[in-house]
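This one's a predicted model, so the numbers in the text were calculated from it and none came from an experiment. Atoms within each ligand, like the ligands themselves, are counted from 1 in listed order. One-based numbering along the sequence shown.
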Amino acid sequence: MLTATETADAVRAGRVSARDAVTECVDAIDRSDGKIGAILHVDRDGALRAAGDIDRRLAEGEDIGPIAGVPVAVKDNICTIDSPTTCASGTLKGYVSPFAADVAERLVSAGAVIVAKTNLDEFAMGSSTESSAYFPARNPWDMSRVAGGSSGGSAAAVAARIVPCALGSDTGGSIRQPAAFTGVVGLKPTYGRVSRYGLVAFGSSLDQIGPVTRDVRDAALLLSVIAGHDVRDATSVDRPVPNYVAELDRPIEGLRIGVASDYFGAGLDDAVRTAVEAGLDALRERGAELINVRLPHLKYAIACYYVVATAEASSNLARFDGVHYGHRTADPKDIFDLYSASRREGFGAEVKRRIMLGTFVLSSGYYDAYYDKALRVRTLIRGDFEAAFEKVDLIASPVTPTTAFPIGQKSADPLAMYLADIYTTSANLAGVPAISVPCGLDGDGLPIGMQLSAPWFEEDRLLAAAHQYQSITDHHQRCPKQ
Ligand code: GLN
């Protein structure tokens with residue numbers, strides 16, 4: 001299957017019709033997704049209709065947009081109007097949003113065809129896509145292993161070549177970690193770069209939507225389409241969107257890349273360390289300068305994240321009460337039972353755990369000790385990044401301490417699952433953009449990711465460096481056996 005850029009070029013040149021591209025994609029989903037579990041809904045008829053419409057408009061000479069005819073899969077916590085948006089939760093089973101997310105509108109107006117909605121951990125809470133209320137997403141490199149999460153469906157679908165590209169959401173690593181586990185590229189933009197309008201909220205001060213793609217060029221293409229100010233999201237920032245693709249060839253000679261020992265401590269697998277260090281060597285050979293930096297508060301990132309994210313989740317998920325939104329219990333005894341039974345029946349164990357934890361850290365008497373303290377720690381972590389970015393242009397690190405783990409290995413141990421987010425949550429707490437790019441395989445042939453992060457709104461620099469890395473390495477070209 002072609003990449004998004006190749007598909008767009010082929011459609012523009014008339015070598016492939018949008019209908020052909022979409023047909024290939026939905027056929028591949030039908031043929032292969034039964035064993036992967038990446039996809040929750042496919043809209044074959046709607047997608048083919050949209051593709052036919054694009055072909056007709058192109059034939060009439062219309063200049064539709066940079067991704068005309070490109071099939072895109074969208075994580076199922078992003079609202080679309082032609083298919084359900086379930087957040088992989090029982091409470092939203094069959095829910096069809098009356099409005100589309102800003103990113104969905106931008107994709108469609110740039111000519112993309114939304115072909116499918118992808119699997120995720122319920123409400124994006126998790127690191128393995130095992131908490132999906134429907135089925136887990138499997139890793140196409142080894143079907144007995146997780147695809148990562150929460151955007152595990154988006155990553156698995158791109159890795160398995162059943163869609164050219166996808167969107168995910170990232171609150172504490174949910175784009176970058178599954179990208180690392182499945183050998184694809186995942187970008188979390190700066191907080192505020194992409195509108196969250198129509199993204200079902202998990203942690204509103206952390207959530208960002210971003211691309212999941214086979215290479216950095218595609219990530220730049222998709223970011224150019226989805227980024228931009230939106231009055232419907234008060235946290236989206238009104239600043240110009242660069243043409244990220246045009247910036248990709250910026251040289252990295254002299255670029256100062258920070259390496260923090262705080263990211264390379266205990267718990268990091270040797271294979272991951274070795275691959276990331278080899279990635280850093282490649283960047284140095286290309287002309288970048290490696291500089292040691294410190295992020296002394298990084299060790300508090302997981303604790304801080306799991307207070308802030310659960311606090312925000314407990315508030316955001318209050319609306320799924322069977323009255324405003326979500327599943328309603330069949331025979332409530334009274335109003336109290338209506339609320340409690342609806343929520344008990346609608347939510348899975350991980351979501352309930354987060355709601356309880358979040359409600360606790362916000363409760364009177366504990367607010368100062370937990371929530372308020374976490375906000376202070378968050379400011380310190382942000383300060384660490386500010387200080388580091390005075391000395392360096394980018395920071396490099398592993399994405400995850402290990403490669404993809406076996407399905408079931410961590411599902412009974414929430415703390416072990418949370419620790420998988422050790423290197424990713426800090427970028428969300430600080431709001432900086434960060435990307436995961438494939439940088440090798442471990443002894444079992446499982447993909448490893450390298451993370452690069454940049455100062456706020458410097459996605460152009462981030463993407464250019466990641467692209468230069470891909471121009472001298474071929475890790476991103478490897479794919480799982482079909
Ligand atoms: N794994 C993290 C969590 O469980 C991050 C999830 C996300 O980024 N949506 O909260």
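Considering backbone and side-chain N/O of Phe202, none are found under 3.5 Å from N/O of ligand 1. In terms of polar-atom proximity, Ser174 is counted as a contact of ligand 1, with an N or O under 3.5 Å from an N or O of the ligand. For ligand 1, the polar-atom distance check against Gly126 finds a nitrogen or oxygen pair separated by under 3.5 Å.
The aromatic rings of Phe320 and Phe123 sit tilted relative to each other, their planes meeting at an angle between 30° and 60°.
Heavy-atom proximity to Asp170, at under 4.0 Å, picks out these atoms of ligand 1: 8 (O). Each of the atoms 5 (C), 7 (C), 8 (O) of ligand 1 lies under 4.0 Å from some heavy atom of Gly172.
Here atom 4 (O) of ligand 1 lies nearest to Arg354 when heavy atoms of Gln208, Arg176, Arg354 are compared.
Contact annotation: Tyr305 has at least one heavy atom less than 4.0 Å from an atom of ligand 1. Under a 4.0 angstrom heavy-atom cut-off, Ser150 registers as being in contact with ligand 1. A heavy-atom separation below 4.0 Å is not found between Met417 and ligand 1.
For Ser128 and Lys410, the side-chain atoms include no donor-acceptor pair closer than 3.5 Å.
The minimum heavy-atom distance linking Phe405 with Ser127 is given by the pair CZ-O, 4.0 Å.
Remark: aromatic rings of Tyr197 and Phe99 are close, center separation under 6.0 Å.
Within 6.0 Å of atom OH in Tyr134, more than 12 heavy atoms from other residues, nucleotides or ligands are found, so the atom counts as buried in its surroundings.
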